[in-house]
Amino acid sequence: MKTAEIKRRWLAFFESKDHVVVPSASLISEDPTLLFTVAGMVPFIPYMSGLIPAPYGRATSVQKCVRTLDIDEVGKTTRHGTFFQMNGNFSFGDYFKREAIEYAWEFLTSPVDKGGLELPKDKLWVTVFKDDDESIAIWQDVASLPLDRIQRRGMKDNYWSTGQPGPAGPCSEIYYDRGPAYGIEGGPEADEDRYIEIWNLVFMQYERGLGGGKEDFEILGELPKKNIDTGMGLERVAFLMQGVENLYEIDQVRPVLDKAAELSGKTYGQNEQDDVRLRVVADHIRSSLMLIGDGVTPGNDGRGYVLRRLLRRSVRAMRLLGVSEPVFGKLFQESKEAMVDAYPELENEYSRILKIAIAEEEAFLRTLVSGTSVLENHIAEAKNSRAIELSGDICFLLHDTYGFPIDLTLEIAEENGLKVNRDDFDQLMNEQKSRAKADAKMKKAGGVDLSVFAEFRAQGLSEFTGYEFLQSEAKVIGLVLDGASSREAKQGDLVDVILDRTSFYAESGGQSPDAGEILGDGLVLEVLDVQKPVKGLITHRALVRQGSISVGSTVMTRVDPTWRLGAAQAHSATHVVHAALRQVLGPSALQSGSYNKPGYMRLDFSWNNSLSAATKSEIEEISNLAIRQDLAVSAQFMSLPEAKAWGAVALFGETYDESVRVIQIGGAWSRELCGGTHVARSSQIGLVSITNESSVGSGSRRLEANVGLEAISAFNKDRLMLQEIAEQLKTTPANSLEKVSQMLAELKEKQRLLAQAESKQLLAMVPELMEKMQEVGKGKLLATRISEISSPESLRDLTIALRDRVQNDNAVVVLCGVINGKPNISVAVTSRAQDQGIKAGEIVKLASAILGGGGGGKADLAQGAGTDVSKIELALAEIAKSLG
RNA sequence: GGGGACUUAGCUCAGUUGGUAGAGCACCUGCUUUGCAAGCAGGGGGUCAGGGGUUCGACCCCCCUAGUCUCCA
């Protein structure tokens, strides 16, 4: 049975059992502490923990997941994949153990023509928590399983909790017996490779307290609402049903593996090491495809870095298989075709996905080239010094600084007959890891407890009136002082205010929060920040200026109209610039983040090269043209599929409800899903002026612009500056540029002429100075004072010129000159004199000490300076004496 | 978020404990020669990313800023 077919059956089965079918959430987790959606239940966590009331009693989903913790195990085992799909059914205070077990058994064992999977009953085993007699009874009753196929296991295997206070409970797992060829008898307790876990049923029934980790804690009591959370690994079931050996050989993955084998000329199944590499490629390509599809772009931190690693590991594995040409085009094509049945949206996204993948492949091939040359240098060096191994710090340097993978270092070193000090490398690697971890620990201390907001959220959603109104009458639902709920806040308090409705916009979608006041009878609060700590709940962080505020009272929210206009201008400008950007660069230039506040906007987007000045001007021009055309800006609510059919741009990492808000500027000219506040017509934006374009890491660029009045005042500032420059140059602003380049050219020419004249002058002095050359001891010495010299460089050049005249003799040239009122000395020694043990550096040291300063140099040339001009003759005499 | 590194001629890059800024390619001139990266001789081209500091003296050491690469969390 095809993987996509198992998925369809799953959803149909639970839909028939009155479950709401919830589409897979994005791989980009809504929870900021998680990089990715790592399990099927992640999107339901707020409902499980009670933070937000569940909108339905029972639900089902097939959730895309990415987990990279065991990335090094990929390809080596049957069941470690970085991308996988988790089939789940969930109950929020609705059904419990009996139904959960009944549904699971029915789905697994009912005949194919009845919508089930028809797994043979005698191959299924079950584990339960050791004290959970209730579950055992249900299993016997529902499935008529003999007791010897139900195994009791302890806390470690069959008890679920998050590791922290909150819901917890026993679980029951279903296993499939692959048969005696795969291991010993004795059930999952004995061999988890023969008996493969396919489904985990979690019965959340207790509230757990503090305590160490996942095994040692106190049970506080029963949960008021018991939940069911189950997860069936889609890939595992698929590989069992498809009669293949592991998850890399299922229909959604195998074609990539085959293509990689074809490209490398390898035959799968002949060599274990090559097989692992082929599986790594197949797994990583699929994960990358899905991640890019959900809007992740390669980067050097967070999610982007995980994706980059997956892509680069694929390139590395291909290279170890003997392929060094670019291959992503072919591999991604296979992966897309294998996945598109289950995820049709991949078809539309594919050209964007491929572009991003190929750009990363090219970038990595470049770093491999430069890394290879560094490695070759070190190998040559090691061979020259007859070393037998490459040191660990060189391998670490290659990995850490040049991004050159250790496996490739090992391979290439081996080809050159060198070993690698792997222990030192691992040690350095661990040091780097603990550094980063220690830092993360420090930063994490600032975590906020959101539970205080859960009770307010349970009373309902905060209504946002700010799209239509700047002011709203509202009732005070709650106050939070120093993290604790409070009845009242007095003058001077900094308080979080929760209202039943508000005209204040909370920070989201890149738009900064509204500023303004909350007013009441003798009451004035200055609103400093507006946030949504929990989905659906708006809090106002405010300072009580006058009077006091209490729960239950009626207040008026008043947004500062000037602030709001500025914010709306900036946000609409962001949409306009985004549309212009895509018009110029094409649809792959997708916004990856934004920030805007009155007068300023910032837009991050995926793109590989810096923008030329012409491109920037073009974007700016299109933006301002759209502003001048006075396009209508409208907002309307519709379903997500409707919005997508309209071609509205959805931004990744944002989560959208069933009903989404689409902002249009000039109809189809710009359509984006957005919850922000906007101007009514594009002309109200006034002006957009791009100030800067820069990189935020490889593959990601940032545009910044001034908006409205800010743009005009920035222009004014520039104009004033240009005027001042023109005045200084005694010309007009229009002619300033020409004047400056003219002046620079002139200056350069003058400097050139000056240097020429000076060197001519210096050379002219040579014959005269040569006459002062004396015989001292066995050699020649020229030690004299120069009257006219302008710089230490000239003094040096002259010294060298003189030495060159006697370069075949045993000779020393010493020149002293006064520069800026200080005595300078320069000494040059011919090679024959150096052979006699004469060192220029020592002569300078001797002289500069007499002159009251310092100096030094090498054997052939040295320079120094001092403070006492009157000592020059003495110093020269001492030099002559020392050489004589 | 934390670390490592890079930025030198139009291009690719050397520059070894701070003391004369270099090579190859490209360019210009001349000679030789008429083809597959031609040869020979000569020549032009540098705010050593920008700014500050230490020093008699900084491409080199220290600090800041910008751009780029890279690893780890």
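Chain letters run A, B, ... following the sequence lines, proteins first and then strands; every chain starts at 1.
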Paired nucleotide for B:rC60 [Watson-Crick or G-U wobble; both distances under 3.5 Å]: none
Rounded interatomic separation in angstrom, taking CG from A:Leu311 and P from B:rU70: 12 Å
Sugar-phosphate only, base, or nothing, as touched by A:Arg309 at under 4.0 Å among non-hydrogen atoms: sugar-phosphate
No-H, no-angle donor-acceptor pair, A:Asp400 side chain to B:rG3 base, under 3.5 Å: yes
Whole-Å gap separating P (B:rU7) and OH (A:Tyr402): 9 Å
Comparing A:Lys822 and A:Asp797 on RNA chain B - which has the more 5′ nearest nucleotide: A:Asp797
Full working for side-chain hydrogen bond (donor to acceptor under 3.5 Å, both in side chains) between A:Asn421 and A:Ser391: CA-CA 5 Å; A:Asn421 191 329; A:Ser391 70; over 6 Å; no
Flag for A:Gln728-A:Glu724: side-chain donor and acceptor within less than 3.5 Å: no
Length of the CD-P vector between A:Glu842 and B:rG19, whole Å: 17 Å
Result of checking A:Arg309, A:Lys355, A:Arg312 against A:Glu360 for salt bridge (Lys or Arg N to Asp or Glu O under 4.0 Å): A:Arg312
A:Arg602 and A:Val577: CA distance, side-chain angles, deciding distance, side-chain contact (heavy atoms from CB on, under 4.5 Å) verdict: CA-CA 10 Å; A:Arg602 184 174 83 196; A:Val577 171; over 6 Å; no
Residues, nucleotides or ligands: over 12 heavy atoms within 6.0 Å of A:Asp835 CG: yes
Atom-pair distance (NZ on A:Lys858; C1' on B:rC60), nearest Å: 12 Å
Touch class at under 4.0 angstrom, heavy-atom based, for A:Gly371 against every strand present: nothing
Donor + acceptor pair across side chains of A:Gln432, A:Asn430 (<3.5 Å): no
Spacing of the C1' atoms in B:rG45 and B:rC61 (rounded, Å): 30 Å
Pairwise C1' distance, B:rG57 and B:rC11 [rounded to whole Å]: 33 Å
A:Asp393 CG - B:rG4 C1' separation (whole Å): 13 Å
Whole-angstrom distance between B:rC48 and B:rG18, as gauged at atom C1': 15 Å
Spacing of the C1' atoms in B:rU55 and B:rG39 (rounded, Å): 49 Å
Complement of B:rC28, any strand, by Watson-Crick or G-U distances under 3.5 angstrom: B:rG42
B:rU12 versus B:rG50 - spacing of their C1' atoms, nearest Å: 24 Å
Whole-Å distance separating the CD atom of A:Glu793 from the P atom of B:rG46: 17 Å
Sugar-phosphate, base or nothing in reach of A:Gly853, heavy atoms under 4.0 Å: nothing
Touch class at under 4.0 angstrom, heavy-atom based, for A:Thr367 against every strand present: sugar-phosphate
A:Met429 or A:Leu397, whichever maps to the more 5' nucleotide of RNA chain B: A:Leu397
Counterpart base for B:rA37, defined by Watson-Crick or G-U wobble contacts under 3.5 Å: none
Any N/O donor-acceptor pair, A:Gln432 side-chain to B:rC71 base, under 3.5 Å: yes
Sugar-phosphate, base or nothing in reach of A:Gly857, heavy atoms under 4.0 Å: base
Watson-Crick or G-U wobble partner of B:rG67, both distances under 3.5 Å: B:rC6
Whole-angstrom distance between B:rG44 and B:rC27, as gauged at atom C1': 9 Å
Side-chain donor-acceptor contact under 3.5 Å, A:Tyr600 with A:Glu710: no
B:rG57 OP1/OP2 closer than 4.0 Å to side-chain N/O of A:Arg796: no
Atom-to-atom span, CD1 of A:Ile71 to P of B:rC71 - whole angstrom: 12 Å
Rounded distance (Å) that lies between atom C1' of B:rA73 and atom CG of A:Leu69: 12 Å
B:rU65 to B:rG15 separation - C1' atoms, rounded to the nearest Å: 26 Å
B:rU70 OP1/OP2 closer than 4.0 Å to side-chain N/O of A:Arg312: yes
Between B:rC6 and B:rA49 - P atom distance, rounded Å: 12 Å
Pair A:Ser791-A:Ser794, side-chain hydrogen bond (donor to acceptor under 3.5 Å, both in side chains): steps then yes or no: CA-CA 5 Å; A:Ser791 71; A:Ser794 301; 3.1 Å; yes
Base paired to B:rG22 (Watson-Crick or G-U; both N/O distances under 3.5 angstrom): B:rC13
Watson-Crick or G-U wobble partner of B:rU47, both distances under 3.5 Å: none
side-chain N/O A:Arg803 vs B:rU20 OP1/OP2, d < 4.0 Å: no
